[in-house]
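The structure under discussion appears below in the form of structure tokens.
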Protein chains: 4
Amino acid sequence: MGTTEQRVRRAAIELFAERGFHGTGIRDLAERAGLSSATLYHYMGTKEDLLVSIMRESLTRLVTAGERLPGASPQERVAGLVQLHVLTHAVQQEETRVVDDEMRSLTPARRAEVVALRDRYEALWQSAIDDGCSVGAFTVSAPRVARLALLEMCSGVARWYAPDGPIPLPELAVRYTEMALGLLGGAEVPPADVAGIRVLVDTVWASQN
Amino acid sequence: MGTTEQRVRRAAIELFAERGFHGTGIRDLAERAGLSSATLYHYMGTKEDLLVSIMRESLTRLVTAGERLPGASPQERVAGLVQLHVLTHAVQQEETRVVDDEMRSLTPARRAEVVALRDRYEALWQSAIDDGCSVGAFTVSAPRVARLALLEMCSGVARWYAPDGPIPLPELAVRYTEMALGLLGGAEVPPADVAGIRVLVDTVWASQN
Amino acid sequence: MGTTEQRVRRAAIELFAERGFHGTGIRDLAERAGLSSATLYHYMGTKEDLLVSIMRESLTRLVTAGERLPGASPQERVAGLVQLHVLTHAVQQEETRVVDDEMRSLTPARRAEVVALRDRYEALWQSAIDDGCSVGAFTVSAPRVARLALLEMCSGVARWYAPDGPIPLPELAVRYTEMALGLLGGAEVPPADVAGIRVLVDTVWASQN
Amino acid sequence: MGTTEQRVRRAAIELFAERGFHGTGIRDLAERAGLSSATLYHYMGTKEDLLVSIMRESLTRLVTAGERLPGASPQERVAGLVQLHVLTHAVQQEETRVVDDEMRSLTPARRAEVVALRDRYEALWQSAIDDGCSVGAFTVSAPRVARLALLEMCSGVARWYAPDGPIPLPELAVRYTEMALGLLGGAEVPPADVAGIRVLVDTVWASQN
DNA sequence: AATGAATGAGTATTCATTCAT
DNA sequence: GATGAATGAATACTCATTCAT
């Protein structure tokens with residue numbers, strides 16, 4: 001069952017994803033983690049601390065994985081990012097939904113730190129897209145908007161993809177790669193190494209913290 | 001400034017979009033609407049009634065517009081739906097975000113009604129997609145998944161599109177149409193009548209209730 | 001019984017005096033005032049706001065009365081201050097004890113305002129004492145210390161004086177006047193107009209706010 | 001640094017004096033003593049036990065010292081008590097403030113014991129004063145009130161006296177002796193042996209428990 | 001139509017204390 | 001001797017809602 005702290009984190013991820021931060025009470029968390037609400041406070045600071053910690057860890061992992069992605073050409077880098085993003089959003093659906101949806105629940109002071117991390121991750125996308133545009137590999141006219149549309153599109157996976165459903169994970173990744181490169185315009189789709197990326201995701205998410 | 005009831009609805013849409021249903025208090029609503037919290041209750045039932053009413057109205061308008069869309073071929077119907085969806089999500093960003101994000105905040109009893117409306121709307125998409133597949137106009141292998149991915153992609157517009165930004169609304173609609181038909185596979189993009197759809201959107205949203 | 005707000009203030013004064021600020025719970029206040037603890041919040045801000053407001057009002061009254069005191073010579077001014085202080089501490093025992101004892105319970109931010117008021121009141125004492133020293137009316141060697149000792153001595157009245165006990169109020173005032181002037185050294189005791197000061201006290205405490 | 005138990009007592013005296021009994025949490029005590037809050041309970045019973053024990057020890061010492069005071073005449077006995085009281089309140093400011101201020105924080109059951117001790121101490125004062133009145137050495141009309149006023153006046157020293165300030169301890173004691181005997185009326189001030197009393201205070205407070 | 005007053009149930013968080021290790 | 005873990009009861013305060021006026 002893991003350590004108590006892990007149980008608390010899991011409970012928080014599940015409930016924040018299901019009911020939202022403000023819709024989840026401290027009592028709900030305690031019950032789900034199998035603790036009294038007073039004991040909960042041995043394993044966390046405030047409720048917001050817990051949320052921040054979940055977001056920080058998740059985004060840090062994403063940034064780590066993103067920076068370890070292979071691929072030299074802009075097409076390969078975008079393809080890798082899409083596959084990384086889609087795989088994590090398909091495999092860690094609850095966690096990624098919390099990160100994507102609960103930004104607004106953060107106090108301005110705490111939001112800053114988390115936004116900084118997210119910006120660092122999105123900068124990886126932006127630079128890959130911008131490079132592709134410079135080189136003429138992509139023809140999209142508004143690269144900033146393209147980034148937003150792509151991320152929105154890929155993040156959606158966390159809301160509907162069923163791991164045990166009809167679409168195998170690798171196929172999902174390939175399809176999204178095709179869609180993404182199509183959206184960027186005139187780009188040929190590089191050969192995908194989904195398996196390699198899956199290994200990367202598993203590695204990064206296996207590491208403690 | 002509109003009737004008091006409209007002020008209440010506007011306040012609710014703004015705050016629910018900004019802070020979420022559970023993050024918005026009755027006093028916040030009252031303050032934003034310029035009323036006392038007791039007076040608020042002259043213009044609404046419970047807080048949940050207000051949310052349901054906003055969602056019902058918005059989804060009803062979307063269904064109405066969706067059913068009035070012209071277009072005979074599957075390609076034309078999908079194109080129309082994409083343009084309708086993108087335009088509404090770009091123009092009515094707050095309202096559509098509330099509809100998309102606050103489903104989980106509904107009590108099971110109330111959720112049923114709203115989900116039924118949403119299902120009715122999504123059925124328009126599904127049938128267009130399915131028809132296209134039957135006829136061989138689309139080659140996508142998993143039509144249900146395609147619907148989900150398309151809706152997710154188009155709904156994202158409400159989260160980032162800036163009406164006063166660099167991309168004009170018609171261009172946005174066209175781009176999304178292209179991306180959507182590309183996603184469905186092997187479909188030629190029919191000529192777009194974005195202006196006509198814009199009129200439809202404005203008409204439906206102008207009507208009271 | 002007075003307005004509800006007055007009942008809340010009375011309850012707070014009684015309980016803060018009896019059990020201290022930290023020893024008094026919001027439920028205690030509500031019960032004493034005959035309200036539910038939620039209703040209490042219609043009539044106050046936070047518990048600290050209530051304490052500050054009580055202190056501010058009491059000190060403001062004391063300053064007002066102190067500034068209206070007649071008396072030209074240092075002896076007369078000190079005598080007036082002693083009588084004012086003793087009378088208020090004998091008549092408003094609970095309120096003055098709250099002011100004297102609960103300073104430490106204030107948050108630094110709120111403490112500043114209250115301390116400023118108290119300093120303004122004590123400055124009246126200090127200047128009378130200092131003037132007496134300059135003129136040679138008092139022979140005390142450490143005037144600052146004399147002020148502290150005098151205030152401490154006179155404030156003590158609020159802790160033990162029984163209004164229905166053997167010592168009449170005017171006699172109490174006279175005795176303290178004698179002790180105070182003796183403490184300051186070599187001062188002749190001016191004729192006391194305790195009745196006049198009693199009228200002043202009653203006037204200032206009768207006024208709303 | 002003394003035994004752990006002494007560290008706990010010192011922490012309690014400091015914090016109870018600074019923030020009051022109800023304003024001091026068990027965690028505050030633990031932190032100040034450099035222990036975990038669980039370990040704290042190896043060195044004390046309940047929080048109230050700790051307070052009672054501090055008060056009992058302090059009052060016991062005061063009674064012990066009071067009973068050992070030399071002096072045959074009522075004037076000498078009062079002078080000795082004043083000097084004892086002033087010296088202890090100047091030297092043990094925090095401890096004496098806790099004793100004086102936190103009586104109200106005690107449960108009725110525990111209060112009885114402590115009040116009994118205090119009464120025993122105050123009885124020393126009362127009998128000296130009463131004897132002086134019987135013999136005609138004092139002319140004060142209300143002896144009980146005189147005791148209260150004297151104690152209040154002398155205890156105030158703990159609230160403002162600065163050991164490193166301009167007034168030397170012996171002078172402070174002499175001044176208070178003069179004030180006290182003046183307050184009692186028509187009493188000549190006996191020669192003071194402040195140094196002797198200081199030795200007594202130091203002896204009694206040096207003894208363990 | 002509008003609101004001040006009222007509240008029971010709820011909020012997140014801290015309390016003093018115990019106990020197994 | 002020391003402590004991490006645990007908790008029931010309490011803390012100050014807010015919630016959505018009702019109602020008399």
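In what follows, every chain begins at residue 1, and chains take the letters A, B, ... in the order their sequences are listed.
- To the nearest 0.5 Å, atoms NE2 (His89(A)) and CG (Leu62(A)) are separated by 7.0 Å.
- Partner assigned to dT21(E) is dA2(F), using Watson-Crick or G-U wobble distances below 3.5 angstrom.
- Distance NZ (Lys47(B)) to P (dG10(E)): 15 Å, rounded to an integer number of Å.
- Spacing between atom CD1 of Ile26(B) and atom C1' of dT18(F) amounts to 13 Å, rounded to whole angstrom units.
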Can you check each nucleotide of nucleotides 4-9 of chain F against protein heavy atoms at under 4.0 Å and return B for base, S for sugar-phosphate only, - for none, in 5' to 3' order?
BBBBB-
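- In this structure dG10(E) sits in a base pair with dC13(F), meeting the Watson-Crick or G-U test at under 3.5 Å.
- Mapping Phe21(B) and Phe21(C) onto DNA chain F by nearest heavy atom places Phe21(C) closer to the 5' end of the strand.
- Leu15(A) is not listed as a side-chain neighbour of Glu31(A), based on a closest heavy-atom distance of 4.5 Å or more.
- Between the side chain of Ser58(C) and the backbone N or O of Ile54(C), no donor-acceptor pair lies under 3.5 Å.
- At whole-Å resolution of the value, NE2 in His22(D) and P in dA16(E) are 10 Å apart.
- Looking at Trp205(B) and Glu95(B), their side chains come closer than 4.5 Å, going by heavy atoms from C-beta outward.
- Across every strand in view, dA16(E) sits in a pair with dT7(F) that passes the Watson-Crick or G-U test at under 3.5 angstrom.
- Rounded to an integer number of Å, the gap from CD of Glu5(D) to P of dA2(F) is 12 Å.
- Taking a 6.0 Å sphere around CD of Glu18(C), one finds it holds more than 12 heavy atoms contributed by other residues, nucleotides or ligands.
- Per the geometry, CG belonging to Leu29(B) stands 10 Å off P belonging to dT17(F), to the nearest Å.
- Side chain to side chain, Thr107(C) and Glu48(C) meet the donor-acceptor criterion of an N or O pair below 3.5 Å.
- Put simply, CZ on Arg19(C) is 15 Å from C1' on dT11(F), counting in whole angstrom units.
- Residues Met44(B) and Ile26(B) have side chains in contact (heavy-atom distance under 4.5 Å, counting atoms from C-beta outward).
- The nearest whole Å value for the distance from the CE atom in Met44(D) to the C1' atom in dT18(E) is 12 Å.
- At whole-Å resolution of the value, CD in Glu48(B) and P in dC15(F) are 18 Å apart.
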